[in-house]
There are 2 protein chains.
Amino acid sequence: MNQLSERAQQVLEAVVIDHIRSGEPVGSRTISKRHLLQVSSATIRNVMADLEEMGLLLQPHTSAGRVPTEKGLRFYIDSIMKSKDLEDQEKRLIQQALKDVHKDLATLLQKTSKVLSGFCKQAGVVLWPKITLTRLKHIEFVRLRAHQIMVILITKSGLVNHVVLHGEEDVDQDELDKYGRYLNDIFRDMTLGEIKERIIEEMKNEKNLFDELYSRALKMTDQAFQSTFESSELYIEGQLNLINNPEFSDVERLRHLFHAFEDKSKIIRLLDLTLSNASGVKVILGKESSLNELYELSIISSPYKRGNTMLGALGVIGPLRMDYSRIVPVVEFTAALLSRLMEEPE
Amino acid sequence: MNQLSERAQQVLEAVVIDHIRSGEPVGSRTISKRHLLQVSSATIRNVMADLEEMGLLLQPHTSAGRVPTEKGLRFYIDSIMKSKDLEDQEKRLIQQALKDVHKDLATLLQKTSKVLSGFCKQAGVVLWPKITLTRLKHIEFVRLRAHQIMVILITKSGLVNHVVLHGEEDVDQDELDKYGRYLNDIFRDMTLGEIKERIIEEMKNEKNLFDELYSRALKMTDQAFQSTFESSELYIEGQLNLINNPEFSDVERLRHLFHAFEDKSKIIRLLDLTLSNASGVKVILGKESSLNELYELSIISSPYKRGNTMLGALGVIGPLRMDYSRIVPVVEFTAALLSRLMEEPE
DNA sequence: TGGTAGCACTCTCGTTCAATGAGTGCCAAG
DNA sequence: CTTGGCACTCATTGAACGAGAGTGCTACCA
């Protein structure tokens, strides 16, 4: 039953808005007084009973008001919600906050995360640009001590990634320098994804196996890539904001919460979903994530891009009860702004 | 009154031990039953009243048992406590946990922090070796884009530090490579502290000002050092353990707690204290830290070293009510072990 | 004179109970 | 279809109360 009467929608909207504001179950009288002056509370009660039957509302106990279910929120967000546009002043505030730091990507992204968390009073997240899409600026090999070599990858965007390799054979610094010069010439300005493919290809090519130096260099780079691709960076800021939400005033829940943040990989995977799909703001509610660590959290996210290529994602994480009508535009605006900032440099 | 009668000490000890175990105020009868069978509860009560007058114990309310004060804990730790030696098996467990990873310093230190937290069921902390003492392995300059240069410092211990500099003038990669070769030759294997001094000295030296290249390279390195010295790395693991302590079952306190962890610099400064003083395990109780963020936490820490030079510090952070008699030896042992592991490589 | 037994007293904590009030469902009338 | 009215349910609150833990004090004992 995707069709709801005009009135049912109004009631659902009223319940959601009121509940988001107060955190409490909301009763029929409250609605008839505050939102729909035309009809009496009894009428509202009838509608609410219908909505409950459809699974959009829920009564914590018999004599309590109603609370929106996940399904109810979903419907509200998809069909009813009217986003409140940002005030010009708010826009300016965000722009200003990101203007000052836009030179260094690392701090820019971290700052973005902070801005998101600050504006939405929840946790803000920003995912680094997909590593496969970023271009290599420089690769360097440093011998730390016997059998221990550090490989440092620097991407154009300013991400520095280092890996320590433990080799069978010992290689001296001079030879490593040769590797470096060699590979820098070939790979510079290619994306890491392209490089990876190239390496696989070259390693198959038998004749290269005879070129000792080249072969070893490739092998090392390959190893370094292995762990580089695994480590995806994610900035999470403002986790402390979440504690203020009354839904987490219970210690047991707080434990769940921080447990969820403990390994970022789950959240990264979730944000990756945002990337894979069409662009635009996406809201994932509680159990929809099918990660039970996040079953009572929701994520509002959007990709940011350069031109037509999706780079990374950013968003806001908070409890199910959030002011979506405000946060969605904030995320949208911030993503657009960040995308614009990503254009500039070259 | 630093002199306490034998019996008073026994009573204090009993109160501390029992309170650490249970978290509750402990009464006279409990003590006479569980710890000091010879005397009656009435006698204990008299002693307790004395101890309270001295400020070592405290009664939450009239008809409750006693709880040790900070001062009481201090006295207990300094004068009464008998450390329980670690079981051989525990020692072996710790050794084994650190054996596997001892090749890469970053992971070794992180693992150490995890081990500490795991063994003590509190948060474990490990401070990176003091940056001024570590030796430079390699310095590299990479031009990211116009007016934007990344300086990468790699230390012998495997710490990688990068800084993005925004220069007035643009320098091309070839020149930067020259800087690199130049500086690597001079500075390699010196400690960062020595290098810093050397730079200051050289920059004063007027004749160097005419060597354009050298002068610019020095200036850049100096800038890079600026922010490198500020950023000291600290691993904190197992913060989640702290939530389990009943003293943090109150949400307000939890907020305080996580707030305290939010900026690591406070904790770093506290650990630095451990370094500056004589070696050995040090316990800082609550307000003694004179950081009001940490007023209800205590830190048990110890330096670790190579030979006679203190490198860094490690320790355990938890509530005032911790099993010091067990944790102190764990920290002690782990610090000694880590020191031993730092000897090996060369 | 130091230790002890006993007792009255204090204070917290959990339980019970009733009152309160918010909110519902349903029915009959408009 | 809407509405007013009414009986009903249930969480919450606060008061009263008893149980239990623990104390301080006093009188007594070796």
Side-chain angles (χ1 to χ4, degrees), chain A residues 3-12 14-19 21-69 72 246-247 249-250, chain B residues 3-12 14-19 21-69 72 246-247 249-250:
Chain A
Q3 228 52 348
L4 278 188
S5 74
E6 178 68 19
R7 172 170 296 159
Q9 293 201 20
Q10 286 179 319
V11 170
L12 178 56
V15 172
V16 170
I17 289 178
D18 224 65
H19 177 253
R21 203 179 41 73
S22 70
E24 303 287 300
V26 11
S28 54
R29 223 176 104 75
T30 319
I31 291 183
S32 94
K33 269 203 301 192
R34 257 208 285 277
H35 299 273
L36 300 162
L37 296 154
Q38 325 83 345
V39 290
S40 79
S41 65
T43 313
I44 309 270
R45 279 205 285 284
N46 291 328
V47 180
M48 279 169 128
D50 294 347
L51 287 171
E52 181 161 11
E53 209 170 336
M54 284 186 252
L56 301 177
L57 294 182
L58 182 127
Q59 232 177 337
H61 57 263
T62 324
S63 72
R66 255 77 170 208
V67 162
T69 62
E247 22 269 282
S249 61
D250 173 22
Chain B
Q3 228 52 350
L4 278 189
S5 73
E6 178 68 19
R7 171 168 298 158
Q9 294 200 18
Q10 287 179 319
V11 171
L12 178 56
V15 171
V16 170
I17 290 178
D18 225 67
H19 177 254
R21 204 180 38 73
S22 70
E24 303 287 298
V26 12
S28 55
R29 223 176 104 73
T30 320
I31 291 184
S32 94
K33 270 204 301 192
R34 256 209 283 278
H35 300 273
L36 300 162
L37 296 155
Q38 326 83 346
V39 291
S40 78
S41 64
T43 312
I44 308 270
R45 280 205 285 283
N46 290 328
V47 180
M48 280 169 126
D50 294 346
L51 288 171
E52 180 160 10
E53 207 169 337
M54 285 186 249
L56 301 177
L57 294 183
L58 183 128
Q59 229 176 340
H61 58 262
T62 325
S63 72
R66 256 71 171 212
V67 161
T69 61
E247 21 269 283
S249 59
D250 173 23

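Lettering follows sequence order; numbering is per chain, from 1.
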Nearest-angstrom distance from the residue atom CD1 of A:Ile44 to C1' of D:dG4: 15 Å
Footprint ends on DNA chain C, 5' to 3', for atoms under 4.0 angstrom from a heavy atom of chain B, come out as C:dG3 to C:dT12
Test of understanding: with side chain to side chain donor-acceptor pair (under 3.5 Å), list the residues that count as partners of [X], not counting sequence neighbours.
X       : value
B:Thr43 : B:Ser40
B:Glu52 : B:Arg66
A:Asp50 : none
A:Arg21 : A:Asp18

For B:Ile31 and B:Ala14, work out which heavy atoms get closest and say how close. CG2-CB, 3.9 Å
What does the list of N/O pairs under 3.5 Å between the protein and nucleotides 22-26 of chain D look like, with a distance for each?
unit_1, atom_1, unit_2, atom_2, d
D:dG22, O3', B:Ala64, O, 3.4
D:dT23, OP1, B:Ser28, N, 3.4
D:dT23, OP2, B:Ser28, N, 3.2
D:dT23, OP2, B:Ser28, OG, 2.5
D:dG24, OP1, B:Arg66, NH2, 3.0
D:dG24, N7, B:Arg45, NE, 3.0
D:dG24, O6, B:Arg45, NH2, 3.0

Quick one: side-chain contact (heavy atoms from CB on, under 4.5 Å) partners of [X], sequence neighbours excluded?
X        : answer
B:Asp250 : B:Glu252, B:Arg253
B:Pro60  : B:Pro25, B:Ala64, B:Val67
B:Glu24  : B:Ser22
A:Ser41  : A:Ser28, A:Arg29, A:Ser32, A:Arg45

Determine: side-chain N/O of A:Thr43 to OP1/OP2 of D:dT2, distance under 4.0 Å, yes or no. no
For side chain to side chain contact (heavy atoms under 4.5 Å, CB included), just list the numbers for B:Gln9 and B:Leu12, CA-CA rounded to whole Å, side-chain angles, deciding distance to a tenth of an Å, and then say yes or no. CA-CA 5 Å; B:Gln9 294 200 18; B:Leu12 178 56; 5.6 Å; no
Axis-to-axis angle for the helix from C:dT1-D:dA30 to C:dG30-D:dC1, ends of five pairs each, to 10°, equals 20°
